Amino acid sequence: MTPTSHQTDSTSVPLIVDDSRGRSFGGAGGSGAGASGAGPSFNDALLDGLNPPQKEAVEYRGPSLLIVAGAGSGKTSVLTRRIASLIDSREAWPSQILAITFTNKAAAEMRERVGALLGQTAEGMWISTFHSACVRILRREAENFGFTKAFTIYDSHDSRTLIKRIIKELQADTFGFTVSGVAGKISKLKNELADADSYARSANFDDPQERLFVEIFRQYTRSLSAANAFDFDDLIGQTVYLFRAFPHVAATYRRRFRHILVDEYQDTNHAQYSLIRELTLPVEEEPGSDQRTASLPGASLTVVGDSDQSIYAFRGADIRNIVEFERDFSGAKVILLEQNYRSTQNILSAANAVISNNFDRKDKKLWTDVGNGEKIVGFTGYSGHDEAQFVADEVTKLHEQGTPYKDVAVFYRTNAQTRALEEILIRSAVPYRVLGGTRFYERAEIKDVLAYLIAVANPFDAMALRRILNTPKRGIGPATETALGVFAQTNEITYREAMRRAPELGLGPKVTGAIVDLAKMLDEATLLLDPDQPADDGSVGATGSVAEVLTMLLDRSGYVTALRAGRDPQDEARAENVEELVAVTREFQKNNPGGTLVDFLTEVSLVAAADELDDSSGTVSLMTLHTAKGLEYEAVFLTGVEEDLLPHRMAATEPGGPAEERRLFYVGITRARKRLYLSLAMTRAQFGETAVAMPSRYLQEIPAELIDWRQSPGMATSRGGTQPRALNASRPGGGFNSRSAVRASDSLSFRDADAAASRPKAEWPNRVTAQVRDNGNLELQAGDRIRHVDFGEGRVNAVTGEGTKRVAHVQFDSAGAKKLLIKIAPIEKL
DNA sequence: CTCTCAAAAGTCAAT
DNA sequence: CTTTTGAGAG
């Protein structure tokens, strides 16, 4: 493919590139005037209902624009209108627009909204995620540097499998290398655009540890290219490499994309930043070329972001990209959007108060004119289950009051927290959906089936072949698997070819037959997919659809049959998942009539957790705080607001960790439109043990008057026992009613009198972090009688556990048998 | 090569 | 607690 054959559309288009600094954009010649004939009225419509800074963000023209958009400030609206106005005024053709969003779902939504604004489907626009855009570029250009366009995308799990194999081969585990450690380091390096060679140049080879790491990195890179595969980080990094190594390729895309817009800019990493830089470079005049390749200024760049919502530093996001934007792109215009159209003032005040504790940030205050709204509701459960029960009860109540389930979301910091929530929600008959979690495409059975498809699409991918070699069981073991690999390597053929020539290996007749059969099956599938060999231009013909090929593979391999025959009770569910995947391929075919197998695999590889969101599902959405970014809900439950969870134990010690966790909390708060619930638990089960939990330090950063504590941390641990309600007593029927709600100020009376007197807690009733009830070394043994604040008197039957986890098994006179954590339970010895 | 049982690890977030 | 991995027997 010659470089000049690309993008005839972009070079033949009359370009209007504005190089002025001001707001006038008519200077580029006649077309501006031409647009003004039909333009103004339409443009007015585009600005309809926008506030002044939003209008400016839509209208400003210049080389670079930074829109600092606080949460809920209507940035999606601004971005879509900006794109629409560029096209409407004829400043750009749709094909000259490249817009990067955070999820595929956001991209689809943006495309739809731009289409609606323009009254036509804007074809040719690239609106996609970083990864999707790069895959598109890489597939086109792969042949330039030793890959084919059918390359496989390895997800992080695949990468780890590969790394694991390499560590084992090199026996690097004896040097203290772990899979996760190596995977993390390689990913980090790739995000910094380093490769094995560049790393080796600066490595200290006197250190055997480092030498070995270089070797692992080298082998990993080699394995990837041998398999014709990219890992997630490569998708960005290799695109940058491609642009740098092949200037004419880069020039093609620089000519094509005249307007680049990036959403969530605060979460870009160095590789992504470099990609944007590459794309916005001016195109130099090529010496000796004709006039068609005249020099062009760099594309205009618009970035939108909010440094307060940067939550992906752990995967390489560099907040400096946005903080230093003005320095990077000199002459950049900065527009601030501070008016919030999403949440009530109470929610915003809480968010402002929390985030203001992060130093080193530009002060920025969200405001709204919709009024204070409801107070934030706080609740402290005795256990994770108790907390979940509160959530379920409140969701039910909201639903009865007319809030549809789909407008309610429950957030948590770690995926492990879903279990308790799911249990209670099922029991309470609340329809829900977990986003992310154990994702559909990460399930073993789905990966198995996808490996069949990958094996067909990319014959170089040994990993996919190895995966299906003995799935379902064909009597091919690891020894045979390795033998095939060695054979392929020594003869310099693909793994697939090695399988075809299995008879040459002199294995047993049964094994050889099984391998050859499998190879035949894959060859037939390849043929079904593309009857006339892979031609340069897609000589379509009677190409089998993805669904057909998949059905054929499943039939012939007997995968589903084997599952159904399995004894494991979960196998039936697995078989159903496979059926669902078949349905997904049919759906794909319907939505993408010309879609190829490679297109399907790409789509499947790049789904994000938030893409699974189905607005019409009519269910409550459960997700992590990270997944929640960019979404909004009528009512939001933010659960597990505890130390060690939020901030997470691991993050608390990392540099910048607590600040990032605070931003995460801030992101969670600002997702809520009308109602926000903050909940935590006194004890949390993890690793099969029950541990004492403390209220999060961030909780006390919220002004007390904003929170209506149904049960404050102080109350949940109080010893005085005048009346705090039952902690883990079963609640009658539909949960709370208003009479059980206790004002925050009341909670003071439940505290120890001396503590209440010594501190100005009236102002900060949330300041309870250090005051969690502690019974100290209260000694209990079987036979002791105790009194519990809620359950009354009872007799200790047994004491188990040690230290802070000592548990008393108590038979209460009226409340029945209970297990209590001695250290924190509201009990006293009689 | 497959199956069974026991030990060990994992849960911090995700394209 | 659950899920995955490894060793050893059949």
Side-chain angles (χ1 to χ4, degrees), chain A residues 100-106 128-135 153-159 164 168 178-180 183-184 187 190-191 230-237 264 267-269 271-272 310-317 384 411-420 423 435-439 441-442 444 469-470 472-481 507-508 510-511 514 566-568 570 602 604-612 623-629 640 644-654 657 660-661 663-665 667-668 684-691:
Chain A
I100 303 287
T101 59
F102 202 66
T103 64
N104 295 302
K105 185 172 182 286
S128 66
T129 63
F130 268 109
H131 291 83
S132 302
C134 288
V135 168
I153 301 164
Y154 279 8
D155 65 19
S156 7
H157 193 263
D158 299 327
S159 305
K164 191 171 177 184
K168 206 165 184 180
T178 62
V179 177
S180 60
S187 174
K190 286 190 174 184
N191 283 333
F230 292 117
D231 67 20
F232 269 136
D233 301 313
D234 280 340
L235 295 180
I236 316 291
E264 306 285 8
D267 280 323
T268 51
N269 61 34
Q272 291 164 334
S310 164
I311 54 174
Y312 281 108
F314 71 90
R315 70 173 207 218
F411 301 156
Y412 36 82
R413 174 66 228 267
T414 70
N415 281 309
Q417 289 167 253
T418 50
R419 191 158 299 161
E423 255 174 55
L435 299 187
T438 311
R439 305 245 301 275
Y441 293 107
E442 282 166 14
L469 207 53
N470 200 31
K473 303 264 182 289
R474 297 190 177 87
I476 305 171
T480 315
E481 185 187 313
L507 297 157
K510 232 179 74 189
V511 179
R567 286 213 318 280
D568 192 324
Q570 292 194 350
T602 304
V604 161
S605 308
L606 297 179
V607 283
D611 295 338
E612 301 164 18
M623 69 191 85
T624 64
L625 283 165
H626 284 88
T627 304
K629 190 171 78 155
D644 286 353
L645 215 46
L646 189 72
H648 193 272
R649 190 187 295 106
M650 302 293 184
T653 52
E654 289 164 11
E660 174 147 326
E661 299 282 304
R663 290 194 292 268
L664 196 53
F665 187 46
V667 165
R684 175 101 29 207
Q686 55 179 4
F687 291 115
E689 286 179 324
T690 305

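Naming: A, B, ... by sequence-line order, numbering from 1 per chain. Just the heavy atoms: all of them, side chains too, but no hydrogens, waters or symmetry mates, feed the values below. Here the structure is a predicted model, which means the values were calculated and not measured.
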Taking NZ, NE, NH1 and NH2 as the nitrogens, is one of them in K190(A) or D231(A) under 4.0 Å from a carboxylate oxygen of the other? yes
Between [Y] and [X], is there a side-chain heavy-atom distance shorter than 4.5 Å?
X: S187(A); Y: R315(A); answer: no
X: L664(A); Y: R413(A); answer: yes
X: R474(A); Y: L469(A); answer: no
X: L625(A); Y: V667(A); answer: no

According to salt bridge (charged side-chain N to carboxylate O under 4.0 Å, His left out), who are the partners of K629(A), at least two apart in sequence or on a separate chain? E264(A), D267(A)
To the nearest 0.5 Å, how far apart are OG in S159(A) and CD1 in I153(A)?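 Rounded to the nearest 0.5 Å, the OG-CD1 separation comes out at 11.5 Å.
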Any base atoms under 4.0 Å from D155(A), or only sugar-phosphate, or nothing? Heavy atoms, all strands. nothing
Checking all strands, does K510(A) fall into the base, sugar-phosphate, or nothing category for heavy-atom contacts under 4.0 angstrom?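 Counting heavy atoms under 4.0 Å across all strands, no contact is made by K510(A).
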Residues in ring pair (Phe, Tyr, Trp, His ring centres under 6.0 Å) with F230(A), at least two apart?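 For F230(A), the residues satisfying ring pair (Phe, Tyr, Trp, His ring centres under 6.0 Å) (neighbours in sequence not counted) are F147(A), F151(A).
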Excluding sequence neighbours, so at least two apart, what forms ring pair (Phe, Tyr, Trp, His ring centres under 6.0 Å) with F130(A)? none
Grab the N/O contacts between the protein and nucleotides 8-10 of chain C below 3.5 Å, and write none if there aren't any.
none

Centroid-centroid distance, F314(A) to H648(A), less than 6.0 Å: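 No, the ring centres sit 6.0 Å or more apart.
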Which whole number of Å gives the distance between the C1' atom of dG6(C) and that of dT11(B)? 22 Å
For nucleotides dT5(C) and dC12(B), find the distance between their C1' atoms and express it as a whole number of Å.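 Per the computed distance, 23 Å lies between those C1' atoms.
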Below 30° counts as parallel, above 60° as perpendicular, anything between as tilted: where do the rings of F232(A) and H131(A) land? perpendicular
Rounded distance in Å - NZ (K168(A)) to P (dT5(C)):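 Checked: the NZ to P distance equals 10 Å.
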Dot-bracket pairing map - DNA chain B, Watson-Crick plus G-U, both contacts under 3.5 Å, | cross-strand: ||||||||||.....
For every nucleotide of nucleotides 10-15 of chain B, 5' to 3': is a protein heavy atom under 4.0 Å from its base (B), only from its sugar-phosphate (S), or from neither (-)? BBBBBB
